[in-house]
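When a residue number appears, it is its place in the shown sequence, counting from 1. All values derive from a computational prediction rather than experimental measurement.
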Amino acid sequence: MNQPMNLSLEQEFSLRCFADQVQQMSREQSQALLLMLYERMMIQEKTYQQLLKHEWELDSDAISG
């Protein structure tokens, strides 16, 4: 688990395309995008946590039921 994760070639290409798009944005546009991406990242993390709780039966309903 301590091994660094490397991006696939497809992901590297996607990242490069995204970087090119961001370069064309105004400062305000890029700041708004950054906030939106951060919010989605937090939602994704919460979703993963909930899925793992459910999968590992750590939620209170599964324990008491």
How close do Gln11 and Asn6 get, heavy atom to heavy atom, and via which atoms? OE1-O, 4.5 Å
Hey, any chance Leu35 and Val22 share a hydrophobic cluster, counting ILVMFWY side chains that come within less than 4.5 Å of each other, even indirectly? no
Stepwise side chain to side chain contact (heavy atoms under 4.5 Å, CB included) test for Glu45 and Gln49: CA-CA 6 Å; Glu45 181 180 4; Gln49 289 172 352; 3.7 Å; yes
Other residues, nucleotides, ligands: >12 heavy atoms within 6.0 Å of Leu9 CG: no
Following the transitive rule for hydrophobic clusters with a side-chain heavy-atom cut-off under 4.5 Å over Ile, Leu, Val, Met, Phe, Trp and Tyr, establish whether Phe13 and Phe18 coincide in one cluster. no
Trace of the side chain to side chain contact (heavy atoms under 4.5 Å, CB included) decision for Gln31 with Leu34: CA-CA 5 Å; Gln31 287 176 335; Leu34 182 59; 5.6 Å; no
What pairs of residues pass the salt bridge (Lys or Arg N to Asp or Glu O under 4.0 Å) test when at least one of them lies in residues 7-24, not counting sequence neighbours? Arg16-Asp20
Between OG on residue Ser30 and CD on residue Gln23, distance to nearest 0.5 Å: 9.5 Å
Just wondering, do Lys46 and Gln50 contact through their side chains at under 4.5 Å, heavy atoms? yes
